[in-house]
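So you know, we letter chains A, B, ... as the sequences are listed, proteins then strands, and number each from 1.
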Amino acid sequence: MTAPRAPKGTYDLLPDEAAARDAVVAVAARVFAAFGYRRVVTPEFEETGLFARGVGEATDIVRKEMYTFEDKGGRSLTLRPEGTAPICRAYLEHGLHKWPQPVKLWYYCPMFRYERPQAGRYREHYQLGAEAIGSAESMVDAEVILLLAQLFAELGVGGLRLAVNSMGDPACRPAYVARLREHLRGREAELCGDCRERLELNPLRTFDCKVESCRAVLDDAPHLVDHLCGDCREHFDRVLALLRRAGLEPELDPRLVRGLDYYTRTTFEFSSDRLGAQSGVGGGGRYDGLIEQLGGPSTPGVGWGAGLERIGLAMGETDAAAAAPQVYVVSFAGDEREAAFALAQRLRAAGVRTELDLAARSPKGQLKQAGRSGAAWAVLLGLDDLAAGAVRLRRLDGGGEEDVALEAAVERLARLAGEAS
RNA sequence: GUGGAGGUAGCUCAGUCGGUAGAGCUCCAGGUUGUGGCCCUGGCGGUCGCGGGUUCGAAUCCCGUCCUUCACCCCA
């Protein structure tokens, strides 16, 4: 079997599926606009160092999931594995700190991660995302979360729950991490091998572990939310209050430690019970240290990403009906085919959705296609009983015919099609 | 990287105890010396994922391999 296939973890969207995708993105564009977010487009690949520095050397993404390659000039480049670092890079590169803050942006683009595919997980997947950069106000955290909630509501994404947590900031996290590490060291014998590594690299990640014995240790572990500094505590409480006031019911989840190193303070994740094991449909958080980490001035930011494939799964399949042609041009005589072709072009130029046979079908075959295409009208050329220079318009949905001069057909059909729509 | 399940026509699948491959849908044509969706008939379409082994004979049994899929890790 040498026939080429789509690479592992990638997929094609055939027209019906692409139309469904377009419909989702169109809803998103409208919701983003309502919240004052404007779309940005960044490159599909970046310098590898952007992700290594921005996302964190210790993360799975950087350690084992990046599509990294060297170009012919010897540069190390990486296909974008996540959306936030590139946008922060663009914010810095173009001096967006001079715009009114916060700068509110959204994106829709593919992400690339080398992982084993499974339900709702791909090596190339599409994300919709929002970033609000330049304000540390708790209201911004609440706004981006409410934006995502409204998007899900308008799309009909169901079975949702919202988990939130706070990761603290440089004032309180180091002390907490030390405390956690101490707790884990005390019971290291009960931890799995992975967690013993995490203990050294990043103890917070042990909260992700599902191994029974580790969970027992972590159930007794101190939680970061209980050890936040005053500023972080106040920020978190305000975010929660704003969300509740807006009608959301955020569930505190001390275990919600997302796998990207740049998060500070608020983290959140929407999950849906309509998905498989990969139940997260959208999530994000605040990243007040990221831009500084990239070499810029200290600049706060908050945002999220949401997977289009998972949104599709959680919405249920919605079949987007193709826009049927309004007119189908049929030629009954072989020497009328060019006239039919010309007529179709004139109809299209007049804004009428028009199809005609491009496969040399018999007249019967053409009518069959016309019927199946969903067109409301067929234009018949080349019938023996037609007057010279005339064509016949036939209603396909109820019957009924009228003959008109070829020259008048475009105007007549444009009018009929306009009435029908 | 690890584990489970599965690869037969473009799609969805059947194929008995090993005997040399079928159905439905789609597509095309005819039924209707030129008027459609339904219906009827016919046609197109398969190295049974690939390689090796057992056998007189393999889609079927064995081994390997690739791919798909679900799950772990982690994320969208």
Side-chain angles (χ1 to χ4, degrees), chain A residues 1-11 14 55 58-65 80-84 107-129 148 157 192-195 197-198 205 207-211 256-260 269-272 275-284 304-314 324 328 330-334 336 357 359-386 392-401:
Chain A
M1 174 82 73
T2 52
R5 305 176 58 99
K8 190 184 189 75
T10 68
Y11 59 88
L14 298 180
V55 178
T59 60
D60 281 7
I61 288 179
V62 173
R63 287 200 311 172
K64 51 185 192 185
E65 295 177 3
R80 174 186 47 222
E82 68 96 44
T84 302
Y107 59 84
Y108 163 56
C109 53
M111 305 293 172
F112 304 87
R113 295 182 197 170
Y114 187 83
E115 299 184 273
R116 285 284 288 269
Q118 69 186 77
R121 165 183 289 164
Y122 301 88
R123 289 186 171 178
E124 179 191 35
H125 75 278
Y126 285 78
Q127 278 188 33
L128 224 37
L148 184 52
V157 174
C192 68
D194 284 345
C195 282
E197 265 183 56
R198 291 169 176 145
R205 302 280 296 287
F207 282 109
D208 288 332
C209 194
K210 277 142 191 128
V211 174
L256 180 64
V257 179
R258 298 176 57 77
L260 289 78
E269 179 172 300
F270 284 89
S271 54
S272 170
L275 272 51
Q278 303 308 316
S279 61
V281 63
W304 49 257
L308 267 296
E309 296 81 4
R310 293 183 188 177
I311 286 174
L313 288 172
Y328 202 104
V330 173
S331 38
F332 274 75
E336 292 290 339
D357 173 55
R361 288 185 181 84
S362 65
K364 177 196 164 94
Q366 293 177 52
L367 254 317
K368 195 171 180 176
Q369 289 303 314
R372 285 200 282 207
S373 74
W377 292 86
V379 185
L380 316 184
L381 282 74
L383 290 164
D384 285 346
D385 58 332
L386 274 170
R392 180 162 298 166
L393 311 186
R394 177 176 171 82
R395 282 205 72 98
L396 291 170
D397 50 2
E401 297 185 332

Could you go through Y114(A) and R123(A), starting from their C-alpha distance and side-chain angles, then the distance that decides it, and tell me whether this counts as side chain to side chain contact (heavy atoms under 4.5 Å, CB included)? CA-CA 5 Å; Y114(A) 187 83; R123(A) 289 186 171 178; 3.2 Å; yes
For a quick check of understanding: with a heavy-atom distance under 4.0 Å over all strands, which category does E401(A) fall into, base, sugar-phosphate or nothing? base
Heavy atoms under 4.0 Å, any strand shown: does E82(A) hit a base, just sugar-phosphate, or nothing? nothing
Under 4.0 Å from OP1 or OP2 of rU35(B): is there any side-chain N or O of K364(A) that close? no
Can M111(A) and E124(A) be said to form a side chain to side chain contact (heavy atoms under 4.5 Å, CB included), step by step? CA-CA 6 Å; M111(A) 305 293 172; E124(A) 179 191 35; over 6 Å; no
Is any side-chain nitrogen or oxygen of Q278(A) closer than 4.0 Å to OP1 or OP2 of rC70(B)? no
If you look at every strand shown and take non-hydrogen atoms under 4.0 Å, does K368(A) touch a base, only sugar-phosphate, or nothing? sugar-phosphate
Without swapping roles, check the side chain of Q127(A) against the backbone of G83(A) for a donor-acceptor pair under 3.5 Å. no
Using only side-chain N and O atoms of Q369(A), determine if any of them is under 4.0 Å from OP1 or OP2 of rC28(B). yes
As a test of the definition: with a 90° window around 0 for syn, would you call rG34(B) syn or anti? syn
Base-pairing mate for rC74(B) - Watson-Crick or G-U, with both contacts under 3.5 Å: none
For S362(A), report the nucleic acid contact type (base, sugar-phosphate, nothing); a contact means any heavy atom under 4.0 Å. sugar-phosphate
Ignoring hydrogens and angles, answer whether the base of rU68(B) and the side-chain atoms of R5(A) contain a donor-acceptor pair closer than 3.5 Å. no
Would you indicate what I61(A) reaches in the nucleic acid, counting non-hydrogen atoms under 4.0 angstrom: base, sugar-phosphate, or nothing? nothing
Name the nucleic acid region contacted by G120(A), choosing base, sugar-phosphate or nothing; use a 4.0 angstrom heavy-atom cut-off, strictly under. base
Which of residues 370-381 of chain A sit near RNA chain B, with a heavy atom under 4.0 Å from it? G371(A), R372(A), L380(A)
Classify the nucleic acid contact of R395(A) as base, sugar-phosphate or nothing, counting any heavy atom under 4.0 Å across all strands shown. base
Which part of the nucleic acid does Y122(A) contact within heavy-atom distance under 4.0 Å: base, sugar-phosphate only, or nothing? base
On the nucleotide rA71(B), are OP1 or OP2 found under 4.0 Å from the side-chain N or O atoms that Q118(A) carries? yes
Among the nucleotides rG36(B), rG34(B), rU68(B), whichever has the atom closest to the side chain of K8(A) is rU68(B)
Counting Watson-Crick and G-U wobble pairs only, both distances under 3.5 Å, name the nucleotide matched with rC25(B), or none. rG10(B)
Short side-chain N/O contact to rC28(B) OP1/OP2 from R361(A), under 4.0 Å: yes
